[in-house]
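Only a predicted model underlies this, so the values are computations on that prediction, with no experimental measurement involved. Quick note: residue numbers are just sequence positions, from 1.
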Amino acid sequence: MFKKFKPLGDRVLIKRLEIEDTTAGGIIIPDAAKERAQTGEVIAVGPGRLDGNGKVIPMSVKVGDKIYFGKYSGTEAGEDYLIIREEDILGIIEQ
């Protein structure tokens with residue numbers, strides 16, 4: 001669906017990462033009780049935001065980064081995809 005999608009400005013297209021179906025103690029969590037994942041993988045990145053002088057400030061994230069974002073961030077773009085602004089990204093998850 002998003003093979004040729006290029007976000008504008010400081011927007012980022014991410015794919016949500018799956019949440020574990022069981023707890024550490026082995027309890028299976030039903031779908032109705034699960035929360036949406038707040039981690040994702042960057043699929044596409046815009047060029048960056050403009051400063052007051054019209055210069056482009058490059059993005060801090062790149063395609064393939066695993067990120068953590070705010071719970072109510074962005075716009076849903078399909079079932080597993082989300083478009084968010086760079087400022088809504090709370091951090092990059094280092095492997």
Side-chain angles (χ1 to χ4, degrees):
M1 178 177 181
F2 291 104
K3 291 182 181 182
K4 295 188 179 200
F5 183 81
K6 178 72 174 172
L8 299 177
D10 66 338
R11 289 177 180 81
V12 178
L13 174 68
I14 62 168
K15 182 174 182 181
R16 290 182 188 266
L17 298 176
E18 293 295 319
I19 296 179
E20 295 287 327
D21 288 350
T22 57
T23 65
I27 299 172
I28 297 173
I29 302 170
D31 288 338
K34 286 185 193 173
E35 288 191 19
R36 298 292 302 224
Q38 288 178 256
T39 57
E41 180 179 354
V42 177
I43 303 298
V45 178
R49 68 179 174 85
L50 296 176
D51 67 4
N53 297 324
K55 294 180 95 175
V56 175
I57 299 171
M59 302 288 275
S60 302
V61 295
K62 61 186 180 309
V63 173
D65 282 348
K66 304 281 192 277
I67 61 165
Y68 187 76
F69 54 91
K71 186 173 189 172
Y72 301 105
S73 301
T75 302
E76 297 289 331
E79 191 169 320
D80 294 331
Y81 293 91
L82 188 68
I83 300 171
I84 63 174
R85 298 187 82 96
E86 184 182 32
E87 65 189 26
D88 292 332
I89 297 173
L90 302 175
I92 298 171
I93 302 168
E94 296 180 352
Q95 302 295 329

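The minimum heavy-atom distance linking Leu90 with Phe69 is given by the pair CD1-C, 3.8 Å. Across all non-hydrogen atoms, the minimal contact from Val63 to Val45 is N-CG2, 4.0 Å. Counting all heavy atoms, side chain and backbone alike, Gly74 lies closest to Ile84 at CA-CG2, 3.5 Å.
No side-chain donor-acceptor contact under 3.5 Å links Lys62 to the backbone of Ala44. Side chain of Glu86 to main chain of Met59: no donor-acceptor pair is present (N/O by atom type, distance under 3.5 Å, no hydrogens or angles). A donor-acceptor pair under 3.5 Å is formed between the side chain of Asp51 and the backbone N or O of Asn53.
For the atom pair CG of Asp65 and CD of Glu94, the computed distance is 9.0 Å after rounding to the nearest 0.5 Å. The structure places CZ of Arg49 at 13.0 Å from CZ of Arg11, a figure rounded to the nearest 0.5 Å. Summarising the geometry, atom CD1 belonging to Ile67 is positioned 9.0 Å from atom OG1 belonging to Thr39; distances are rounded to the nearest 0.5 Å. Taking CD1 of Ile14 as the reference point, atom NZ of Lys66 lies at 11.5 Å (rounded to 0.5 Å). Separating the CG atom in Asp10 from the CG atom in Asp88 is a distance of 9.0 Å, to the nearest 0.5 Å.
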Using the rule given for side chain to side chain contact (heavy atoms under 4.5 Å, CB included), can you reason through Val56 versus Leu50, listing the C-alpha separation, both sets of side-chain angles and the distance that settles it, and then say yes or no? CA-CA 5 Å; Val56 175; Leu50 296 176; 3.5 Å; yes
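Each of Glu76, Glu79, Glu41 was checked for a side-chain contact (heavy atoms from CB on, under 4.5 Å) with Arg16, and the lone residue meeting it is Glu76.
With salt bridges taken as basic N to acidic carboxylate O contacts below 4.0 Å, none links Lys15 and Asp80.
Tracing side-chain contacts under 4.5 Å through hydrophobic residues (I, L, V, M, F, W, Y), one never reaches Ile93 starting from Val42; they form parts of separate clusters.
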